[in-house]
Amino acid sequence: MAEGPQLKRKRQEEEEDAGSAPQDGAGAAPAPFPLAELRLRKVLRESARDKAVFLHGEVTNPSGEATDAVIILEKTPFQEEKLLELLKKHTKLELQMHNDIYSTYHLYPPPELSELKATVVFPASQKHLQKYLRQEVFLVRETWQDYQDITLPFLREQSLSLQWVYNILEKKAEAERIIHENPDPCNGFVLLPDFKWNLSQLEDLYLIALVRRRDLRSLRDLTAEHLPLLRTILTEGQEAISRRFGVPGCRLRVFLHYQPSYQHLHVHFTALGLEAAGSGVERAHLLPDVIDNLQLQPCYYQQRALSFPLRAGEPLLQRFREAGRL
Ligand code: M7G
């Protein structure tokens, strides 16, 4: 019998708590998510600036079992080639106010031009709900000793599942979306669109490079030994994006997060003009700077303190508090 969503979620959480990934692959494409049956539990966060809302919902199966879901709804950027169509084909233009030479309207586009991007995490674990919930943010300053004593033991105990990463590396999911890959087991990686990007316009271009090797969690694991890997990602990633999308390296922000949400080394490539969440100085480390730091000092990331933000409800923040480090 197929595993029910509740069970699947529970298994996922157990695996996450144990710090290991599930063994099964992605398999065939799943049925579309039953959006119309979603029961809204809570608005986790909303952003007028990003025109996005993060929802906690619940889907109940025929036997009455409810399973959590996270739904992110976002208005997508305008596409230049569709602007004319939008002006011509609007269904209604309703005057809101008029004053001298100024006026504002409600413009109602036809359905095919008023697309929303919907991201679904289902079944969603408590950690996903936590990740998207708006909460107060605190900046932690983590020494190498703190990393050893507080962060690493915590990450070994509980991290988000990496199954989606392994599915990509094993071509069980998103294989057709791969933009570039280098098969080398040590210095190889896969480059593909991040799921934050719908590939419709370049203003919000966002790709990720996932390294093939599975023994690197984050910046903290990097030494001069990994310079060939990092240089390969930077050079080949920029070349591939320039070839495919016509965006040169000098128009890209190429960076790593510290702390990343997913503990498998990966690099973010975004359009320079995109003010993506997570591209601030408290979390983003430019890849060329990381390379320079390791060239200058082979164990740079095992020696220096690193700052990173943690949200109020995060258990790792609690650990830093208990250790008197906040
Ligand atoms: P991160 O630095 O670990 O954390 O980045 P963040 O999510 O807090 O930024 C992981 C990146 O992988 C993010 O940019 C995600 O949007 C992206 N991502 C996450 N998932 C689950 C997927 C996925 O299933 N497919 C793709 N293509 N990207 C994903």
Side-chain angles (χ1 to χ4, degrees), residues 9 12 15-16 21-22 25-27 29-30 33 44-45 47 50 52 54 69-72 74 117-125 127-135 137 151 155 158-181 189-199 204-211 214 216-222 233 237 241 252-271 274-287 290 306 308-311 314 316:
R9 190 192 64 173
Q12 241 185 8
E15 278 155 350
E16 282 171 12
F33 180 75
L44 296 169
R45 185 187 344 160
S47 163
D50 299 333
F54 298 72
V70 171
I71 315 288
I72 306 167
E74 292 162 81
K117 179 171 184 276
T119 306
V120 176
V121 183
F122 179 73
S125 67
K127 292 185 195 92
H128 289 114
L129 297 175
Q130 189 70 240
K131 174 173 160 68
Y132 293 112
L133 182 66
R134 171 164 324 271
Q135 280 172 322
V137 180
T151 312
L155 295 175
Q158 39 181 306
S159 288
L160 283 169
S161 164
L162 297 176
Q163 188 60 46
W164 68 274
V165 176
Y166 301 146
N167 286 342
I168 292 171
L169 296 177
E170 292 165 17
K171 307 262 175 79
K172 290 177 176 167
E174 303 189 56
E176 68 296 344
R177 286 161 45 88
I178 293 175
I179 301 295
H180 174 76
E181 56 183 320
F189 69 99
V190 171
L191 178 76
L192 79 167
D194 192 285
F195 77 172
K196 288 184 193 127
W197 187 36
N198 62 6
L199 282 133
D204 57 342
L205 173 143
Y206 203 137
L207 295 102
I208 34 165
L210 304 170
V211 302
R214 299 185 182 194
L216 299 175
R217 284 175 183 278
S218 72
L219 268 190
R220 281 294 192 201
D221 287 331
L222 294 178
I233 295 176
I241 291 173
L252 294 174
R253 184 187 293 114
V254 187
F255 62 97
L256 292 90
H257 275 155
Y258 193 75
Q259 281 284 337
S261 299
Y262 299 96
Q263 301 284 318
H264 174 104
L265 194 77
H266 57 275
V267 176
H268 303 248
F269 289 75
T270 72
L274 177 71
E275 286 176 31
S279 57
V281 289
E282 73 279 29
R283 197 159 176 233
H285 297 251
L286 289 175
L287 180 56
V290 172
L306 292 170
F308 59 88
L310 286 171
R311 285 184 302 272
E314 287 192 69
L316 183 55

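Each ligand, and each atom within it, is numbered from 1 in the order the structure gives. Along the sequence shown, the residues carry numbers beginning at 1.
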Exercise. Drop me the distance from Leu274's CG to Trp197's CH2, to the nearest 0.5 angstrom.
Key: 10.5 Å

Quiz prompt | Rounded distance (nearest 0.5 Å) linking atom CG of Leu44 with atom CZ of Arg134 | solution = 11.0 Å

Quiz item: For atom CD of Glu282, is the number of surrounding heavy atoms from other residues, nucleotides or ligands below 6.0 Å larger than 12?
Solution: yes

Practice problem: Keeping the roles fixed (side chain from Arg311, backbone from Lys131), state whether a donor-acceptor pair exists under 3.5 Å. | Solution: yes

Quiz item: Hey, does the side chain of Ser159 reach the backbone of Leu155 with a donor-acceptor pair shorter than 3.5 angstrom?
Solution: yes

Near [X], which atoms of ligand 1 are under 4.0 Å from a heavy atom of that residue?
| X | answer |
| --- | --- |
| Ile208 | 12 (O), 28 (N) |
| Lys131 | 6 (P), 7 (O), 8 (O) |
| Pro260 | 2 (O), 3 (O) |
| Glu174 | 23 (C), 24 (O), 25 (N), 26 (C), 27 (N) |
| Pro193 | 27 (N) |
| Lys196 | 9 (O), 13 (C), 14 (O), 16 (O) |

Return the closest protein heavy atom for [atom] as residue, atom name and distance.
| atom | answer |
| --- | --- |
| atom 11 (C) of ligand 1 | Asp194 OD2, 3.5 Å |
| atom 2 (O) of ligand 1 | His257 ND1, 2.5 Å |
| atom 4 (O) of ligand 1 | Ser261 OG, 3.1 Å |
| atom 5 (O) of ligand 1 | His266 NE2, 3.0 Å |

Quiz item: Parallel, tilted or perpendicular: which describes the rings of Tyr258 and His285, with under 30° parallel and over 60° perpendicular?
Solution: perpendicular

Practice problem: Verify whether the ring centers belonging to His180 and Phe189 lie closer than 6.0 Å. | Solution: yes

Quiz item: If you look at every heavy atom in Leu306 and Leu219, which pair is closest and at what distance?
Solution: CD1-CD1, 4.4 Å

Self-check item: Non-hydrogen atoms of Ala276 and Tyr206 that approach each other most closely
Solution: CB-CE1, 4.0 Å

Does only the side chain of [X] get under 4.0 Å from ligand 1, or the backbone, or both, or neither? Count heavy atoms.
| X | answer |
| --- | --- |
| Trp164 | side chain |
| His264 | neither |
| Ala173 | neither |

Quiz item: Would one find an N or O of Phe195, backbone or side chain, under 3.5 Å from an N or O of ligand 1?
Solution: yes

